[in-house]
2 protein chains.
Amino acid sequence: MFEIFRKYLGDKTTLSNQDYALIESLCIIKKLRKNQYILQSGDVWKYDAFVCRGLLKMYYLDVKGQEHIMQFAPENYWTGDRESMDTDLPSKYNIDAIEPSDILLIEKNDFEMLRKTIPEFNNFVNQTIKKNVQTLQGRIHTSITLSSEEKYNNFLKQFPDIASRVPLHMIASYIGISAETLSRIRSQSAKK
Amino acid sequence: MFEIFRKYLGDKTTLSNQDYALIESLCIIKKLRKNQYILQSGDVWKYDAFVCRGLLKMYYLDVKGQEHIMQFAPENYWTGDRESMDTDLPSKYNIDAIEPSDILLIEKNDFEMLRKTIPEFNNFVNQTIKKNVQTLQGRIHTSITLSSEEKYNNFLKQFPDIASRVPLHMIASYIGISAETLSRIRSQSAKK
DNA sequence: ACTACATCTTGACAAATGTCAAGATTTTTT
DNA sequence: AAAAAATCTTGACATTTGTCAAGATGTAGT
């Protein structure tokens, strides 16, 4: 299981076997059943989580019981509520497995230690954070500039893989419209 | 003018006079008239920009000529299109001064050099990036969970100062609704 | 194989929002 | 001070979207 993470890191860095050994020693392996959660709102999040296999979602549950999906995390992606982790405040969000998943957790302090100990790991993390900022900025851009139909098409373009793995109501939740509206947009588009 | 930046840094760090001297030597001072731009879409952005005085906006101009505001940057805030800077690709955005403003520009390479040379400056930048990620995540959260009225009230709570300095249609643009709808939301709220 | 549950679509209607236009008010420029 | 421009509100109407409900289809668990 660590092999997957190792391969991922190998693509982006040139770490030594010693580095890998250190990293592996700090990884907590977790196997998740479908629908199993790793974060519940109200709890403080303390890890960096890497998805080796499967698919998770981070979402907000509003007072009406409606789910608002902040992020999908498929294999080779990171997840976790950075806000809660950085502030030590209870999270607003839930994270759970949409599919049976294998994940690696690295405890906050261990992760910081790795960044300080392995310069190249630190560079890699900085790169990842930069990409994350770009992704977030891009999502804000689409949310204020695109129509619902455009948001859906954009989602398909951006995440074709995820689109084929999750039910439509989750896509609707991610782009911020109701499931019924999405259904109608799809049938409209099909007519053209 | 550098004094303002120095005071800002002094609040968040404990840098030496030598550090400040190095930083100052790399700062490009720019005075902006109202409506003057510092970034036009199509250009590549290459700086980190700190606002000493005034107020800027970063926005996207769609095909219909409509403005979609991604960010307001008042004094003591940073602005710039990080995506363009990190990728060296042309920016989608424009940045210009809403009020007469004084800003400091630090060239991308110089900024990286400062991070490598002054560890405490680097820590401070990392903190700033973390906060930025939190802000972006928060904005996505509000954009998919709140109604238009709630988005407006949230804006007032989050940015009371900016709310009193910009015209309503810019707030509408920022939260992603039309100026007319915002006007109606306000008159509705006033009745209560 | 059967049952229970989730998913997806569709209809009907209400509510929210956008668009276009006009006019009042305020601010800025000359 | 006068003219020009920007801001804000409001009306009328079309369009989009949400909500509730029903039913069809597909999927998962026992």
Side-chain angles (χ1 to χ4, degrees), chain A residues 32-36 54-55 57 59 62-69 72 96-101 142-156 162-192, chain B residues 32-36 54-55 57 59 62-69 72 96-101 142-156 162-192:
Chain A
L32 302 174
R33 298 183 307 277
K34 189 176 170 177
N35 296 324
Q36 196 174 348
L55 179 58
K57 65 178 183 218
Y59 60 98
D62 71 20
V63 280
K64 295 175 198 155
Q66 271 217 316
E67 225 178 80
H68 301 272
I69 297 179
F72 291 111
D96 45 56
I98 298 176
E99 302 173 0
S101 306
T142 63
S143 96
I144 62 175
T145 59
L146 301 187
S147 68
S148 293
E149 183 177 359
E150 289 167 332
K151 283 176 193 169
Y152 174 61
N153 289 325
N154 182 66
F155 185 90
L156 294 182
I162 293 173
S164 69
R165 288 162 71 180
V166 304
L168 292 171
H169 67 83
M170 289 191 191
I171 299 177
S173 167
Y174 182 91
I175 63 182
I177 64 176
S178 73
E180 293 93 334
T181 295
L182 178 55
S183 179
R184 289 185 178 107
I185 284 167
R186 282 160 48 85
S187 66
Q188 291 282 348
S189 301
K191 283 178 193 163
K192 291 171 189 171
Chain B
L32 302 173
R33 299 183 307 275
K34 189 176 171 177
N35 297 324
Q36 197 174 348
L55 178 57
K57 65 177 184 222
Y59 60 98
D62 72 20
V63 280
K64 294 175 197 154
Q66 271 218 313
E67 226 179 78
H68 302 272
I69 296 179
F72 290 111
D96 47 57
I98 298 176
E99 302 173 358
S101 306
T142 62
S143 95
I144 62 175
T145 60
L146 301 187
S147 69
S148 293
E149 184 178 359
E150 289 167 332
K151 282 176 193 169
Y152 175 60
N153 289 325
N154 181 65
F155 185 90
L156 294 182
I162 293 173
S164 70
R165 288 162 70 179
V166 304
L168 292 171
H169 66 83
M170 289 192 192
I171 299 178
S173 166
Y174 182 91
I175 63 181
I177 65 176
S178 73
E180 293 92 336
T181 295
L182 178 56
S183 179
R184 288 185 179 108
I185 284 169
R186 282 160 47 87
S187 65
Q188 291 280 349
S189 301
K191 282 179 193 163
K192 295 173 189 171

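Since the model is a prediction, treat every value here as computed from it, not as a measurement. Residue numbers start from 1 in every chain, and the chains themselves are labelled A, B, ... in the order their sequence lines are given, proteins ahead of strands. The basis for the numbers below is simple: all heavy atoms, side chains too, and nothing from hydrogens, waters or symmetry mates.
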Side-chain heavy atoms of B:D96 within contact of B:N35, under 4.5 Å: no
Atom-to-atom span, CZ of B:R165 to P of C:dT27 - whole angstrom: 17 Å
Selection from C:dT17, C:dT7, D:dT7 that lies nearest to any side-chain heavy atom of B:H169: D:dT7
Below 4.0 Å: OP1/OP2 of D:dT17 and any side-chain N or O of A:S148: yes
A:R33 side-chain N/O to A:S101 backbone N/O, donor-acceptor pair under 3.5 Å: no
Interatomic distance where CG belongs to B:L182 and C1' belongs to C:dG18 [whole Å]: 14 Å
Heavy-atom pair of closest approach, residues B:I69 and A:I144: O-CD1, 3.4 Å
Heavy-atom pair with the smallest gap, counting every atom of A:S148 and A:I185: CB-CD1, 3.6 Å
Side-chain N or O of A:R186 closer than 4.0 Å to phosphate OP1/OP2 of C:dC8: no
Rounded distance (Å) that lies between atom P of D:dT9 and atom CD of B:Q188: 13 Å
Give me, pair by pair, the N or O atoms of the protein and of nucleotides 11-14 of chain D that are less than 3.5 Å apart, along with how far apart they are.
from: D:dG11; atom 1: N7; to: B:R184; atom 2: NH2; distance (Å): 2.7
from: D:dG11; atom 1: O6; to: B:R184; atom 2: NH2; distance (Å): 2.9
from: D:dA12; atom 1: N6; to: B:R184; atom 2: NH2; distance (Å): 3.1

Rounded interatomic separation in angstrom, taking CZ from B:R33 and P from C:dT29: 12 Å
Candidates B:R165, B:M170, B:K34 - the one meeting side chain to side chain contact (heavy atoms under 4.5 Å, CB included) with B:I98: B:M170
Side-chain donor/acceptor of B:T142 to backbone N/O of B:K151, under 3.5 Å: no
Side-chain N,O (A:S178) to OP1/OP2 (D:dG18) below 4.0 Å: yes
A:S143 to B:S143 - nearest heavy-atom pair and separation: OG-OG, 3.6 Å
C:dT10 OP1/OP2 closer than 4.0 Å to side-chain N/O of A:S187: yes
Relative orientation of the end axes in the helix from C:dA1-D:dT30 to C:dT30-D:dA1, expressed as an angle to the nearest 10° (five pairs per end): 60°
Sequence-distant partners of B:E150, salt bridge (charged side-chain N to carboxylate O under 4.0 Å, His left out), two or more places apart: none
Nearest-Å distance for atom pair CD1/P, residues B:I185 and C:dA16: 10 Å
Distances under 3.5 Å between nitrogen or oxygen atoms of protein and nucleotides 26-29 of chain D:
none

Minimum-distance nucleotide to A:P167 side chain [options: D:dT10, C:dT7, D:dT17]: C:dT7
Side-chain donor/acceptor of A:H68 to backbone N/O of A:Y59, under 3.5 Å: no
A:I177 CD1 - C:dT17 C1' separation (whole Å): 15 Å
A:K57 side chain reached by A:E67 side chain, heavy atoms, under 4.5 Å: yes
Interatomic distance where CE belongs to B:M170 and C1' belongs to D:dT7 [whole Å]: 11 Å
A:T181, nearest nucleotide to its side chain (from D:dC8, C:dT10, D:dG18): D:dG18
All pairs passing side chain to side chain donor-acceptor pair (under 3.5 Å) where residues 166-175 of chain A contributes a residue, at least two apart: none
Nearest-angstrom distance from the residue atom CD of B:E150 to P of C:dT17: 10 Å
Salt bridge (charged side-chain N to carboxylate O under 4.0 Å, His left out) contacts in which one or both residues fall within residues 167-180 of chain A, not counting sequence neighbours: none
